[in-house]
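Supplied in C-alpha cells, the structure appears directly below.
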Amino acid sequence: MHVLIEQLTSTGTVVTDGAWATQLYQLGLQVGQCPERWNLEHPDRVQQVARSYVEAGSLIILTNTFGGNRLSLARHGLADQIRALNQAGVEISLRAAGQQALVFASVGPSGKMLLTGDTTVEELHAVFQEQCELLAEAGADGLVIETMSDLEEAAIAVRAAKTTGLPVVACMVFASGRDKDRTLMGNTPEQVAQALIQAGADVVGANCGQGIEGFVPICRRLRSATDLPIWIKPNAGLPELVDGRPQYRQTPEQFASYIPALVEAGAAFLGGCCGTSPEFIRAIRNQLAQLG
C-alpha cells in the first residue's frame, strides 16, 4: 500500500467529495457537452464546484478530468488539447484545495471495448498512461480510476497509473445481476478485488450505478476479499428524467443514514457520486462525528 494511503487511513474514515457533473449542470453545462472543456473556458465555475466540497469538509477532492483521456476527448474534437485540459483540471482543484484537502485526479473509462476488438491492451495502456502522466506532472496527489464496467480495462488503467508512482484508487460499477452486485461484465466484488490488487491498486472500491443502500453488502464483500482500504461513492438514489436531465430525489439525511452501516462494513473512504452535493458531504461528516 502506498505510504500516503496508510497515513490517510490511520486516523479513521476519510471523507471524499460528491458529484461533479451534477454540480456543473447546475452551473450551465449542457447535456452532451464536454465537461473537461470547461477547465479552459470556465475555470471559475469548475473551481466553484471544487471549493464547495472543500468548504463542506472533503479531505480529498477529485478533478474535472473524468473524460480526459485521448479517446474520450477525440469524440469532442479535443484530443489535441489533452495536455492543457488535464493540467488545468488539476491546477483548478489544487487552487480550491489549498492546504485543506488533497487532490486525487479522476480517470474514467476510454469508451472502447476490448471484447469487440475496438482496441488492444497495448493501445489502452498507452491511452491511460498518457493521461495519468499528465495528471501527475500537473501535481495531483493521487489517481482515481473510477466508474469502470470492464474489469480488464480497469486493470489496464491501474497498471498504467502505477507507473507514475502516485497512490492509485480503483473503482468499479456494481449495478448488474439479480442482486445488483455484479459489474456489467458479470464480475463479483471478490473477483474485482482480486484482479485490482494484482494490477497494483492501493485502494479498491465501488462508485455510481445505484443508490447507497446497495453499497453496504458490496462494501462488506470487498472488505472480506482484501485488506486494502475500501473506497465507496454511491449515487443519491436512482434518477428520474425531467426535461431530459436526471433528477435525484434522495435527501442528504436519507443518504447519510447509511453511513454507520458502511463504516461497519469496512469503508475507509466515503463520498458521493451522481446526484450528490456539498450538502451530502456535510451530512456524511455529521454522521461520522456522531459515531465518534
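Because the structure is predicted, anything quoted here is derived from the model rather than measured.
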Keeping the roles fixed (side chain from Gln23, backbone from Thr276), state whether a donor-acceptor pair exists under 3.5 Å. yes
First locate atom CD1 of Ile212, then atom SG of Cys273, and finally report the distance between them rounded to the nearest 0.5 Å. 11.5 Å
Presence of salt bridge, Lys233 and Glu146, under 4.0 angstrom: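 So Glu146 does not pair with Lys233 through a salt bridge.
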Look at the side chain of Thr22 and the backbone N and O of Ala19, then say whether any donor-acceptor pair between them is shorter than 3.5 Å.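 It does not hold such a pair.
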Test item: Tyr53 side-chain N/O and Ile281 main-chain N/O as donor-acceptor pair under 3.5 Å: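 Not a single qualifying donor-acceptor pair exists.
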Asn64 side chain to Val46 backbone, donor-acceptor under 3.5 Å: no
Under 4.5 Å between side-chain heavy atoms, counting indirect links through other Ile/Leu/Val/Met/Phe/Trp/Tyr residues: same cluster for Val31 and Trp20 or not? yes
Would you say the side-chain atoms of Gln100 and Arg51 include a donor-acceptor pair closer than 3.5 Å?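 Note: Gln100 and Arg51 side chains meet the donor-acceptor criterion.
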Which other residues belong to the hydrophobic cluster containing Ile82, where Ile, Leu, Val, Met, Phe, Trp and Tyr are joined when side-chain heavy atoms lie under 4.5 Å apart, directly or via other members? Leu40, Leu73, Leu78, Leu85, Leu134
Between Asn39 (side chain only) and Thr65 (backbone N and O only), is there a donor and an acceptor less than 3.5 Å apart? no
Between Arg223 and Thr226, does any side-chain donor sit less than 3.5 Å from a side-chain acceptor? no
Would you please test Val204 and Cys171 for side chain to side chain contact (heavy atoms under 4.5 Å, CB included) and show each step? CA-CA 6 Å; Val204 298; Cys171 297; over 6 Å; no
For Ala140 and Val90, work out which heavy atoms get closest and say how close. N-CG1, 3.6 Å
Counterpart residues, ring pair (Phe, Tyr, Trp, His ring centres under 6.0 Å), relative to Phe280 (two or more places apart):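 Per chain and number, Phe280 pairs via ring pair (Phe, Tyr, Trp, His ring centres under 6.0 Å) with Phe255.
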Flag yes if Phe215 and Val173 sit in one hydrophobic cluster, no otherwise; membership is Ile, Leu, Val, Met, Phe, Trp, Tyr, and two members link when side-chain heavy atoms are under 4.5 Å apart. no
Where is the tightest heavy-atom contact between Cys219 and Ala267, given as atom of each residue plus distance?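 Heavy atoms only, the tightest pair is SG-N, 3.5 Å.
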Do Gln194 and Glu190 meet the criterion of a side-chain donor-acceptor pair at a distance under 3.5 Å?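 No, because no side-chain N or O of Gln194 sits under 3.5 Å from a partner of the opposite role on Glu190.
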Check whether Gln210 reaches the backbone of Lys180 with its side chain - one donor and one acceptor, N or O, closer than 3.5 Å.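 Flag set: sc Gln210 to bb Lys180 pair under 3.5 Å.
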Can you tell me how far apart CD1 (Ile232) and CD1 (Ile284) are? Round to the nearest 0.5 Å. 11.5 Å
Rounded distance (nearest 0.5 Å) linking atom CZ of Phe104 with atom CG of Leu166: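 Between Phe104 CZ and Leu166 CG, I get 8.5 Å after rounding to 0.5 Å.
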Minimum heavy-atom separation for Ser110 to Arg75, with atom names? O-NH2, 2.8 Å
Any side-chain to backbone donor/acceptor pair from Ser257 onto Gln254? Under 3.5 Å, distance only. yes
Applying the 4.5 Å side-chain criterion to the ILVMFWY set and letting contacts propagate, would Leu238 and Tyr25 be lumped into a single cluster? no
Audit row: Gln129, Thr163, side chain to side chain contact (heavy atoms under 4.5 Å, CB included) steps and yes/no: CA-CA 8 Å; Gln129 185 168 359; Thr163 64; 3.7 Å; yes
For Arg220, I'd like to know if atom CZ has over 12 heavy atoms of other residues, nucleotides or ligands within 6.0 Å. yes
Assess the side chains of Arg70 and Gln131: does a donor N or O sit below 3.5 Å from an acceptor N or O? no
Using every non-hydrogen atom in the two residues, find where Ser72 and His76 come nearest and quote the distance to one decimal. O-CD2, 3.6 Å
With a 3.5 Å cut-off and no angle check, do the side chains of Glu133 and Thr164 form a donor-acceptor pair? no
Looking at CG of Leu270 and CG of Leu288, how far apart are the two atoms once the value is rounded to the nearest 0.5 Å?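 Atom-to-atom, Leu270:CG and Leu288:CG are 6.5 Å apart.
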Give a yes or no on this: more than 12 heavy atoms of other residues, nucleotides or ligands lie within 6.0 Å of atom CZ of Arg45.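 Check passes, neighbour count above 12.
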Value rounded to 0.5 Å, distance of CG in Leu143 from CG in Leu62: 10.5 Å
Calculate, to the nearest 0.5 Å, the distance between atoms OG1 and CZ belonging to Thr9 and Phe269 respectively. 5.5 Å
Check: Gln33 side chain, Gln30 main-chain N or O, donor-acceptor pair, under 3.5 Å: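 Flag set: sc Gln33 to bb Gln30 pair under 3.5 Å.
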Using only atom types and a distance under 3.5 Å, with no angle test, would you say the side chain of Gln250 pairs donor to acceptor with the backbone of Gly237?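 Confirmed, Gln250 side chain pairs with Gly237 backbone.
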For a quick test of reading the model, state the closest non-hydrogen atom pair linking Ala50 to Ile61 and the distance between them.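 That would be CB-CD1, 4.0 Å.
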Looking only at heavy atoms, what is the nearest atom pair of Ala199 and Ala155, with distance?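 Closest pair (atom of Ala199, atom of Ala155, distance): CB-O, 3.7 Å.
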When you measure from the side chain of Asp150 to the backbone of Glu152, do you find a donor-acceptor pair of N or O atoms at a distance under 3.5 Å?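 Yes, the answer is positive, given that a donor and an acceptor are paired below the 3.5 Å cut-off.
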Pair Trp231, Asp202 - check side chain to side chain contact (heavy atoms under 4.5 Å, CB included), show working. CA-CA 10 Å; Trp231 175 287; Asp202 299 289; over 6 Å; no
Worked verdict on Ile60 versus Asp17 for side chain to side chain contact (heavy atoms under 4.5 Å, CB included): CA-CA 6 Å; Ile60 294 176; Asp17 61 5; over 6 Å; no
Near Asp44 CG, under 6.0 Å, is it more than 12 heavy atoms from other residues, nucleotides or ligands? yes
